[in-house]
There are 2 protein chains.
Amino acid sequence: MASSIHDLARHLNISIGTVSRALNGRADVNADTRQRVLEAAKKLNYSPNQSGRSLRRGSTHSIAFMLQPHPGDQQYGEPFFIPFLTGLQARLAESGLDLIVVMGAPGDYQQERLRRVVETRRADAVVLAWTRREDERIDYLTEAGFPFATLGRSRSGGTAYPSLDLDFEKAGADAVDRLVARGHRRIAAIRPSLDLNFGYLFLDGYRKALRRHGIEVDPGLIADGFINEAGGYSVTPRVMLAKDRPTAIIFNNDAMALGGCKALAEMGIRPGKDMAVIVIVDTPLCRYFSPALTAFRPALEPMGQRLAEMLLASLPAFAGEEGPRTIREVWPLELIARESD
Amino acid sequence: MASSIHDLARHLNISIGTVSRALNGRADVNADTRQRVLEAAKKLNYSPNQSGRSLRRGSTHSIAFMLQPHPGDQQYGEPFFIPFLTGLQARLAESGLDLIVVMGAPGDYQQERLRRVVETRRADAVVLAWTRREDERIDYLTEAGFPFATLGRSRSGGTAYPSLDLDFEKAGADAVDRLVARGHRRIAAIRPSLDLNFGYLFLDGYRKALRRHGIEVDPGLIADGFINEAGGYSVTPRVMLAKDRPTAIIFNNDAMALGGCKALAEMGIRPGKDMAVIVIVDTPLCRYFSPALTAFRPALEPMGQRLAEMLLASLPAFAGEEGPRTIREVWPLELIARESD
DNA sequence: TGTGTCCTCGTAAACGTTTACGGAAAAACG
DNA sequence: CGTTTTTCCGTAAACGTTTACGAGGACACA
């Protein structure tokens with residue numbers, strides 16, 4: 001059914017070697033012959049068998065992105081990733097690479113899937129997201145000598161891999177600055193409970209900024225929960241119990257903010273009026289919520305493109321294609337002022 | 001670096017044929033030998049090269065899910081798909097299959113990517129989502145004789161493929177019934193502008209139910225827009241311009257509902273008080289919105305599992321594993337009554 | 001004509017598996 | 001002990017590519 005390079009060769013009365021060379025654009029083939037091969041390939045609807053090719057070449061010409069649902073009830077996904085993946089895929093496609101997303105089961109934290117991808121050589125490199133403070137995946141990959149790049153920083157694995165992250169520290173600080181400038185001094189922070197690195201970075205920025213303003217950090221105003229609507233909903237009331245109520249809340253995640261605002265609404269507290277609310281990572285949800293939530297927006301699609309570039313530059317097969325080989329980059333988050341603070 | 005079956009054979013002083021047979025659980029190998037092979041495999045951290053294996057077997061042992069961002073500004077993704085994919089992946093993993101998600105560029109409607117997957121034989125079968133009324137992907141796959149299954153119905157390609165869909169028709173009708181029972185007669189419907197089949201099905205149910213109640217269908221109460229927050233936001237005001245204002249709106253999508261509620265809020269109209277709102281496909285957003293939105297909930301994860309089963313049953317290599325081979329199933333949507341209607 | 005260079009192509013090996021086939025040894029059977 | 005069956009394993013081909021190597025012919029040059 002599927003036509004192979006042999007069919008093509010037979011059809012043209014030339015050897016498979018020549019066909020292959022013609023298709024792969026090598027120099028040592030007559031321009032005329034190449035033309036005929038290309039035409040025949042189109043006519044016979046030929047396209048090379050990926051397995052045969054990658055077996056011979058030792059590379060799969062595809063990059064794997066590890067997507068994994070977090071544990072927790074009703075785990076819907078991260079709308080977040082789609083624009084990022086769009087950028088990633090666009091840039092990879094430019095270099096003829098395919099992007100495949102491998103799904104993991106919720107909660108297993110991908111170790112198993114990752115091993116599978118690496119060991120069966122399904123991809124030439126992987127892209128990790130949601131890096132943790134100490135990330136065993138990174139340790140595993142560096143030890144295995146498998147090429148990878150990360151969306152997000154980590155303390156694991158040295159620095160010998162490309163990584164791209166958002167400046168959550170600065171965003172946390174900026175949020176505090178903004179709120180302080182508007183007269184707030186009781187500022188709560190709500191972040192994910194997992195040891196996702198961006199949660200730490202955010203809190204660091206938050207703490208430092210408070211101290212800079214001479215405001216004591218009150219542990220009663222800091223809480224963490226599942227990184228979804230339910231988490232925000234269940235944990236927000238906790239900071240409202242502080243002896244001295246907060247007048248502002250910074251949410252480290254849009255879904256948590258949604259849940260948190262729900263909790264506030266049930267307490268009769270109106271975001272943007274009775275309580276200032278700022279969200280660290282903007283999504284369409286923030287914009288269309290009522291009141292529209294002030295949030296920090298990342299440039300997700302360009303980030304995807306950039307990380308693809310960085311990864312490509314780190315791959316021997318593609319090295320030299322790009323100029324600078326920056327290893328780690330931290331991108332700013334842009335404040336979008338809306339109505340909630 | 002990576003150990004091959006030859007290393008294993010050399011290490012054990014037996015032939016590669018025996019190693020392969022031992023690993024693949026064939027009968028004609030001594031229990032003792034098999035044991036030794038398995039141990040050595042674990043010790044040498046051997047796992048078979050996927051390319052070699054699939055080249056020989058002619059199958060990749062993986063299923064592709066085609067994920068594609070829709071055109072439109074700020075296209076964030078569908079949280080929707082994650083639970084579905086989780087179920088799909090879980091069931092496929094049970095049969096030793098990998099799930100890979102293939103990203104397309106926004107707007108190209110996947111034809112190109114799909115061809116690529118099929119022609120390079122990257123997967124043994126594909127799963128399509130967001131089926132259209134007439135779906136060229138389905139035509140292509142049936143013509144190519146490539147195995148596939150769809151999440152969603154279509155009029156294309158006959159019925160010789162497994163498909164699983166939600167009963168949008170009934171949900172549309174149920175929503176109308178519920179609103180009519182509560183005294184509404186001016187009921188608007190807002191749905192995606194693309195020719196996604198579920199938009200049609202929903203509208204069909206909506207229309208039929210209205211007629212059944214003796215209510216004339218007013219085209220001024222039906223509108224469509226981009227299937228995202230912006231679409232809902234921009235299109236909702238249109239139905240408010242009808243000569244006789246609606247007292248209820250049914251949204252065919254949660255994101256559109258969010259945008260629509262925003263538009264209502266700006267007009268001083270409060271969902272659940274001044275306007276009844278029902279959403280057809282429930283997500284956490286609906287639950288945590290204020291007011292919580294009455295919505296119809298799908299069983300996404302079981303659906304993923306079920307579609308995987310149906311697909312497997314249709315594959316020659318797995319046939320007989322399952323009992324019944326239902327070709328098409330339509331699952332109900334469960335009404336979750338909340339505060340918005 | 002002899003020699004060397006260049007262009008183009010065919011040959012064959014290799015990538016890592018799986019599996020049909022056959023053969024040797026062991027077991028079963030009379 | 002001879003014959004048949006069974007058990008186990010090695011051999012080698014095949015899957016569809018890519019690519020190193022070398023050969024043949026054309027051409028240039030002396």
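Reckoned from all heavy atoms, side chains included, excluding hydrogens, waters and symmetry mates. As the structure is a prediction and not an experimental result, all values here were calculated from the model. Order of the sequence lines sets the chain letters (A, B, ...), proteins ahead of strands, with each chain counted from 1.
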Give the rounded distance in Å between these two atoms: [atom1] of [X] and [atom2] of [N].
{"X": "I5(A)", "N": "dC9(C)", "atom1": "CD1", "atom2": "C1'", "value": "14 Å"}
{"X": "D7(A)", "N": "dC15(D)", "atom1": "CG", "atom2": "P", "value": "11 Å"}
{"X": "L23(A)", "N": "dT19(D)", "atom1": "CG", "atom2": "P", "value": "12 Å"}
{"X": "R56(B)", "N": "dG16(D)", "atom1": "CZ", "atom2": "P", "value": "10 Å"}
{"X": "D32(A)", "N": "dC7(C)", "atom1": "CG", "atom2": "C1'", "value": "14 Å"}

Check: So do L311(A) and V127(A) actually touch side chain to side chain, heavy atoms under 4.5 Å?
Finding: yes
Note to self: Measuring only between side-chain heavy atoms, which start at C-beta, is D98(B) closer than 4.5 Å to I63(B)?
What the structure shows: no
Next item on the list: Using only side-chain N and O atoms of N24(B), determine if any of them is under 4.0 Å from OP1 or OP2 of dT18(C).
Entry: yes
Check: Between R26(A) and dT19(D), does any side-chain N or O lie under 4.0 Å from OP1 or OP2?
Finding: yes
Note to self: Heavy atoms from C-beta onward define the side chain here; which of dC15(C), dT19(D), dT19(C) lies closest to that of L55(A)?
What the structure shows: dC15(C)
Item checked: Among dT19(D), dG16(D), dT19(C), the nucleotide that comes nearest once only the side chain of H6(A) is considered -> dG16(D)
Separation of [Y] [atom2] from [X] [atom1] (nearest 0.5 Å):
{"X": "I138(A)", "Y": "E136(A)", "atom1": "CD1", "atom2": "CD", "result": "10.5 Å"}
{"X": "L141(A)", "Y": "Y161(A)", "atom1": "CG", "atom2": "OH", "result": "10.0 Å"}
{"X": "F148(A)", "Y": "L315(A)", "atom1": "CZ", "atom2": "CG", "result": "12.0 Å"}
{"X": "Q89(A)", "Y": "L67(B)", "atom1": "CD", "atom2": "CG", "result": "10.5 Å"}

Next item on the list: Fit a plane to each ring of F84(B) and F65(B), take the angle between them on a 0 to 90° scale, and name the class: parallel (under 30°), tilted (30 to 60°) or perpendicular (over 60°).
Entry: tilted
Notebook entry, point to check: Are side-chain N/O atoms of T131(B) and S154(B) paired as donor and acceptor at under 3.5 Å?
Noted result: no
Next item on the list: Sugar-phosphate atoms are those with a prime plus P, OP1 and OP2; base atoms are the rest. Using that split, label each nucleotide of nucleotides 6-11 of chain D B, S or - for protein heavy atoms under 4.0 Å, 5' to 3'.
Entry: --SBBB
Margin query: Can you say whether a donor on the side chain of R53(B) sits under 3.5 Å from an acceptor on the base of dT17(C), or the other way round?
Written below: no
Notebook entry, point to check: Using a heavy-atom distance cut-off of less than 4.0 Å, which residues of residues 114-122 of chain B contact DNA chain D?
Noted result: none
Notebook entry, point to check: Just checking S4(A): base, sugar-phosphate only, or nothing, at a heavy-atom cut-off of under 4.0 Å?
Noted result: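 Counting heavy atoms under 4.0 Å across all strands, the contact made by S4(A) is with sugar-phosphate only.
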Notebook entry, point to check: Yes or no on side chain to side chain donor-acceptor pair (under 3.5 Å) for E309(B) and Q305(B), after CA distance, side-chain angles and deciding distance?
Noted result: CA-CA 6 Å; E309(B) 262 175 22; Q305(B) 296 195 20; over 6 Å; no
